[in-house]
Amino acid sequence: MSFDIFPPLEIPETLAAGPGPGNTDARVLQAFARAGVADHMQGDVLRGMIECKQMLREIWGTRNTYTFAVAGTGWSALDTMFAAVMPGDKVVAFNNGTFSGIDTLTLRIKAATSAEHAANPQDPQAASVVVIDVPHGTSVTEEMVEAALTEHKPKWAFMAHWETGSGRINDLRGFSDACERHGAMGLIDAVSSLGVEDFSIDEFPGIAGWASCPQKGLCCLPLTYAPVSFTDSYIDSLKTSGAYTYVHNPLFEARHWGIVEGQDVEKGTYHRTHSGYAVAAFHESLRLTLQEGLAARAAAYRKHEAALRDAVAAMGCDVTSNMTSLVVLNLPGDLAGREMELVQNCRAAGFGIWPTLSQPVQVRIGILNQLTEAAIRDIVARFADAMRDMGATLDQPLIEATLDKHYAEAIAAQ
Ligand SMILES: *Cc1c(COP(=O)(O)O)cnc(C)c1O
């Protein structure tokens, strides 16, 4: 039998205009490609990891010693953060979309007893985990958190900061305050907000654990490093309970980033084989974030999201999101219900927008690392063309005037 070797894999250049991954920054790609061949214990690779840890603390506004990054994607960081949740632990978790839905599944996997796993291996119903379902398209509020924590008095409370499934920002301040009042340790999925929103971990003392990702707000490559940060009380709890994992155990993992027994040490010790290329890319993405400054970047997201939002509203779309990196919308009148078809047409043409991944089907258009007037005009033009191709009649002068107004005001304000 003979096997014909496939031709080299060619992947075309597309416009990643979805909820994430965003377009990896050119500086990050360069850093990845120009890194020399070096093993994971080579001096500069280890130094790079230490510098990444320090930059991450600066960007995330925290003095948490246990601030580092987990090799992989957002779920790797989340799995690490949830590692401290043990079978039978009492948890209150808020679900308002696809991602917090998977987070609540992870929590049920961690907290389920063996009998609960045996009863339903793919969807364990852990009695100790209370999931509060918040309707798609709405946000988790302080009142909801307060009511649930008062009633259930959990050890852990969980919420997504920005729920990318529905494009909703949840009340971080209210969540943290309620956790403090009720002595719960807060856990936050910050996969979508880090690098986009200007916030500091240390201003939210009710939160014990944070998890994010490389390829959204940080403009880094997917599958490089997913940031995490833990307070001392989280680490104390972990030391008491243990965790059923080696790779994603914060205590073990932190050693490679030079964090041992709660102290920074000069260089890391082996945990697993890290990639000098990935370290170089991650390092550059953090330098980029610091150079731009989180406040300036957050302001740019607000400005460009407002322009995109008003432009799609001028096309008759109904926007239901409030994140600044993502617009989630329903199509108007005659096109209502054809959201999936429109998204598929766009994707086939190299315009990578997304549908929602859970009901109801909506369109998601993201602007990660697309923070220029030209990029937003391009996204608006492609989206308008796709709507016209499906039979929509659009008021082009109104769309243009909407964008002109946004960008003229922005120029005037500078
Ligand atoms: C993207 C996302 C995830 C999953 O991240 P991966 O990098 O795909 O593992 C989890 N939570 C939220 C809120 C997200 O936006």
Side-chain angles (χ1 to χ4, degrees), residues 16-25 28 56 60 69-83 85 93-110 131 133-134 136-140 157-172 175 186-197 199 207 209-229 245 247-248 253 278 281-282 285 301 305 321-328 352-358 362-369:
N23 280 9
T24 305
D25 200 90
V28 171
L56 204 47
W60 229 343
V70 181
T73 71
W75 292 123
S76 314
L78 286 156
D79 199 54
T80 304
M81 176 175 83
F82 292 136
V85 176
F94 292 88
N95 167 23
N96 68 322
T98 313
F99 294 102
S100 47
I102 299 175
D103 285 310
T104 60
L105 168 62
T106 311
L107 282 162
R108 288 186 283 106
I109 291 170
K110 303 282 184 189
V131 176
D133 291 311
V134 177
H136 177 97
T138 59
S139 296
V140 179
F158 165 81
M159 183 183 81
H161 183 194
W162 289 18
E163 170 50 76
T164 327
S166 52
R168 297 298 303 185
I169 296 181
N170 294 325
D171 183 0
L172 188 59
F175 179 84
L187 301 173
I188 289 287
D189 174 339
V191 169
S192 260
S193 54
L194 178 62
V196 178
E197 172 72 310
F199 70 101
I207 294 158
W210 302 78
S212 192
C213 83
Q215 81 281 6
K216 288 177 179 163
L218 293 179
C219 317
C220 193
L221 283 160
L223 270 178
T224 52
Y225 286 106
V228 288
S229 185
T245 171
V247 171
H248 286 169
E253 178 102 48
F282 187 53
S285 76
Y301 274 107
E305 187 268 352
S321 55
N322 66 353
M323 276 170 56
T324 59
S325 53
L326 182 68
V327 165
V328 182
I353 61 173
W354 281 73
T356 47
L357 299 177
S358 39
Q362 294 184 283
V363 177
R364 294 186 295 163
I365 309 174
I367 58 169
L368 289 170
N369 213 10

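In what follows, residues are counted from 1 in the order of the sequence shown. Computed from a prediction, not measured in an experiment: that's the story for all the values here. Order of listing sets the numbers, starting from 1, for every ligand and every atom in it.
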Please tabulate, one line per pair, the protein N or O atoms found under 3.5 Å from any N or O atom of ligand 1, giving the distance to one decimal.
from: ligand 1; atom 1: 7 (O); to: Gly74; atom 2: N; distance (Å): 2.8
from: ligand 1; atom 1: 7 (O); to: Gln215; atom 2: NE2; distance (Å): 2.9
from: ligand 1; atom 1: 9 (O); to: Thr73; atom 2: OG1; distance (Å): 2.6
from: ligand 1; atom 1: 9 (O); to: Gly74; atom 2: N; distance (Å): 3.1
from: ligand 1; atom 1: 9 (O); to: Trp75; atom 2: N; distance (Å): 2.9
from: ligand 1; atom 1: 11 (N); to: Asp189; atom 2: OD1; distance (Å): 3.4
from: ligand 1; atom 1: 11 (N); to: Asp189; atom 2: OD2; distance (Å): 2.7
from: ligand 1; atom 1: 15 (O); to: Thr164; atom 2: OG1; distance (Å): 2.3
from: ligand 1; atom 1: 15 (O); to: Ser192; atom 2: OG; distance (Å): 3.2
from: ligand 1; atom 1: 15 (O); to: Lys216; atom 2: NZ; distance (Å): 2.6

- [ ] Only counting residues at least two apart or in another chain, list the ones meeting side-chain hydrogen bond (donor to acceptor under 3.5 Å, both in side chains) with Ser76.
- [x]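 Expected list: none.
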
Task: Residues in ring-ring contact (aromatic ring centres under 6.0 Å, His included) contact with Tyr225, at least two apart in sequence or another chain - done: Trp257, His274, Phe282

- [ ] Assess whether atom CH2 of Trp354 is packed by more than 12 heavy atoms of other residues, nucleotides or ligands within 6.0 Å.
- [x] no

Open item on the list: Determine whether a donor-acceptor pair (N or O, by modelled atom type, separation under 3.5 Å) exists between the side chain of Asn23 and the backbone of Ala16.
Closed with: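 Pair found, side chain donor or acceptor close to backbone of Ala16.
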
Open item on the list: If the test is side-chain hydrogen bond (donor to acceptor under 3.5 Å, both in side chains), which one of Asn170, Asp133, Thr138 qualifies with Asn96?
Closed with: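 Passing option: Asn170.
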
Task: Pairs meeting criterion salt bridge (Lys or Arg N to Asp or Glu O under 4.0 Å) with involvement of residues 95-110, two or more places apart - done: Asp79-Lys110, Arg108-Asp123

